[in-house]
Amino acid sequence: MKIIALILCFSFFGFNIGKEPVVENEKAEYLPYQIYVKNNREKAPLEQNKCMSGAYIYEENIYSDIKSFEEKLGINNDIYISTMKAGDDLPIGEIIECYAKGKLPMLIIEGSFGSSQIMSIAKMCGNLDISLLIEIKEGKYVYEHFAEMFRKYAPKTVLAYGIESSSVNYDFPRKELVDWIAIDVKEKMRGRNIASEYENISKWCNYFKDETLMLNISVPNFSIDGCNYIYSEAANEISKLYTLAVNYNNIGAINYISHIEKNENTISCNYRITENEQLENALNKAVNSLVSDRYWSRTPYIAYASGNSVIAANDVVDRLNIKGKYINSGYSEINAGGFNKSERKVFVNS
């Protein structure tokens with residue numbers, strides 16, 4: 001739908017109540033702008049004033065090191081992920097390489113670990129003496145037990161409670177043991193189509209509106225079922241999922257998990273991002289479009305702007321607790337902290 005410009009003409013002597021504002025000597029074109037207000041939500045540890053980007057790349061084919069991956073994709077990620085399952089050694093080499101390249105290392109832990117092994121891992125992470133994100137993909141009680149060890153032996157680690165996007169379990173660990181909520185989004189094929197998790201993610205974003213979330217996304221681009229290559233559909237889905245960071249201010253990081261699934265040494269589902277140029281372009285645009293300030297929240301209200309002059313209805317000014325210069329019983333002039341004129345956004349401090 002095309003946006004029709006709203007012409008508001010106003011006078012220095014006041015507005016006519018209930019009518020469009022009128023000016024006697026000159027006319028100003030006032031266009032509708034969506035109002036965004038500053039969100040004073042507390043930051044999670046390590047969170048910047050932006051939505052960070054990251055990736056898991058160690059199952060990539062020839063782009064499994066940070067330098068070649070970023071050059072291939074044309075991106076500059078903040079986070080790189082290593083994984084660890086029961087019986088694995090701590091991937092210290094990957095973690096140190098990541099840290100040495102100025103990136104934030106992240107470790108995903110999943111599987112049936114014993115207490116002694118987790119204690120050993122926590123102590124080794126503590127000995128590294130660096131900031132390190134740890135996602136623990138276990139149920140509430142196991143998570144709490146593991147998290148207590150990391151709090152004790154590796155106080156610089158930042159802990160994320162991992163849940164599946166399709167989960168229906170609302171029983172969560174004690175809040176003081178959780179720094180982030182990590183939502184793992186591993187999409188599947190349904191017939192010849194991608195079964196999108198967009199709605200499930202939105203559900204969690206709304207449920208955890210006061211918490212900081214990270215999304216770990218995998219989108220299939222090939223399935224052995226019908227030997228189905230769906231590069232265009234996968235590229236569109238990647239773009240769609242990354243727009244969640246625009247819609248939800250509480251998403252502090254999005255990581256793409258680039259990997260493959262095998263069945264008897266044959267690839268059964270491919271999630272690797274470098275398989276096709278359409279996928280690479282989609283991730284490039286998605287990562288590079290992530291906003292640099294995570295603390296502006298969209299309101300349901302509209303202001304009207306002409307040049308740097310902004311007016312809003314008095315009831316909107318009152319609801320948002322915005323400081324405004326009273327004009328009459330209909331409108332007030334408000335101070336805008338900034339504009340995004342191409343998208344018709346105006347930013348104000350409440």
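- Two rings, from Trp204 and Tyr170, have their centers less than 6.0 Å apart.
- In this structure, a donor-acceptor pair under 3.5 Å is present between the side chains of Gln34 and Arg298.
- Under the 3.5 Å distance criterion, with hydrogens and angles disregarded, no donor-acceptor pair is assigned to the side chains of Asn328 and Tyr331.
- Distance CD1/Ile81 to CG/Leu107: 10.0 Å, rounded to 0.5 Å.
- Taking CD1 from Ile238 and OG1 from Thr243, the interatomic distance works out to 12.5 Å, rounded to the nearest 0.5 Å.
- Ion pairing between a basic and an acidic side chain is recognised when a charged N comes within 4.0 Å of a carboxylate O; Lys188 and Glu197 show no such pairing.
- The distance from atom NZ of Lys85 to atom NZ of Lys137, rounded to the nearest 0.5 Å, is 8.5 Å.
- For the 3.5 Å distance criterion, the side chains of Glu60 and Ser258 qualify, holding a donor opposite an acceptor.
- Classification of Lys186 and Glu261 as a salt-bridged pair holds, one side-chain N sitting under 4.0 Å from a carboxylate O.
- At a cut-off of 3.5 Å, with distance as the only test, a side-chain donor of Ser196 or Glu237 sits close to an acceptor on the other residue.
- A salt bridge is absent between Glu280 and Arg272: the closest approach of a Lys/Arg side-chain nitrogen to an acidic carboxylate oxygen does not fall below 4.0 angstrom.
- Among Ile79, Asp78, Leu133, the one residue that satisfies the side-chain contact (heavy atoms from CB on, under 4.5 Å) test with Leu46 is Leu133.
- Figure legend: cation-pi geometry between Lys140 and Phe172 absent, as NZ or CZ is not positioned both under 6.0 Å from the six-membered ring centre and within 45° of its axis.
- Electrostatic pairing of Arg151 and Glu148 does not count as a salt bridge here, judged by no charged N lying under 4.0 Å from a carboxylate O.
- The closest side-chain donor-acceptor pair between Ser165 and Asn200, if any, does not fall under 3.5 angstrom.
- The closest side-chain donor-acceptor pair between Ser239 and Asn236, if any, does not fall under 3.5 angstrom.
- With values rounded to the nearest 0.5 angstrom, Asn288 atom CG is found 11.0 Å from Tyr242 atom OH.
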In a table with atom names and distances, give each donor-acceptor pair under 3.5 Å that connects a side chain of residues 111-126 to protein atoms at least two apart or in another chain.
unit_1	atom_1	unit_2	atom_2	d
Ser115	OG	His145	NE2	2.8

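- Inspection of the Asn340 and Ser342 side chains reveals an N or O donor paired with an N or O acceptor under 3.5 Å.
- By the 4.0 Å N-to-carboxylate-O rule, Glu199 lies too far from Lys203 to be salt-bridged with it.
- At least one side-chain heavy atom of Ile257 sits less than 4.5 Å from a side-chain heavy atom of Asn216.
- Ring centers of Tyr36 and Phe347: under 6.0 Å apart, within the cut-off.
- The line from CG of Asn335 to NZ of Lys323 is 9.5 Å long, rounded to the nearest 0.5 Å.
- Within a 6.0 Å sphere centred on NZ of Lys175, heavy atoms belonging to other residues, nucleotides or ligands number 12 at most.
- Counting heavy atoms from C-beta on, the side chains of Phe146 and Ile134 never come closer than 4.5 Å.
- The CD atom of Glu275 sits 9.0 Å away from atom OH of Tyr229, with the distance rounded to the nearest 0.5 Å.
- Side-chain contact check for Asn250 and Thr212: no donor-acceptor pair (N or O, by modelled atom type) lies under 3.5 Å.
- With 3.5 Å as the limit, one finds no donor-acceptor pair spanning the side chains of Asn270 and Lys262.
- With contacts defined as side-chain heavy-atom distances shorter than 4.5 Å, the pair Pro32/Arg344 qualifies.
- Partners of Ala147 by side chain to side chain contact (heavy atoms under 4.5 Å, CB included), not counting sequence neighbours, listed by chain and number: Tyr143, Leu159, Leu177.
- Counting non-hydrogen atoms of other residues, nucleotides and ligands closer than 6.0 Å to CG of Asp89 gives a total of 12 or fewer.
- Pairs of residues two or more places apart, or lying in two chains, that qualify as ring pair (Phe, Tyr, Trp, His ring centres under 6.0 Å) and include a residue from residues 258-278 are His259-Tyr271.
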Yes or no on side-chain contact (heavy atoms from CB on, under 4.5 Å) for Ile130 and Ile95, after CA distance, side-chain angles and deciding distance?
-> CA-CA 10 Å; Ile130 62 173; Ile95 292 171; 3.9 Å; yes
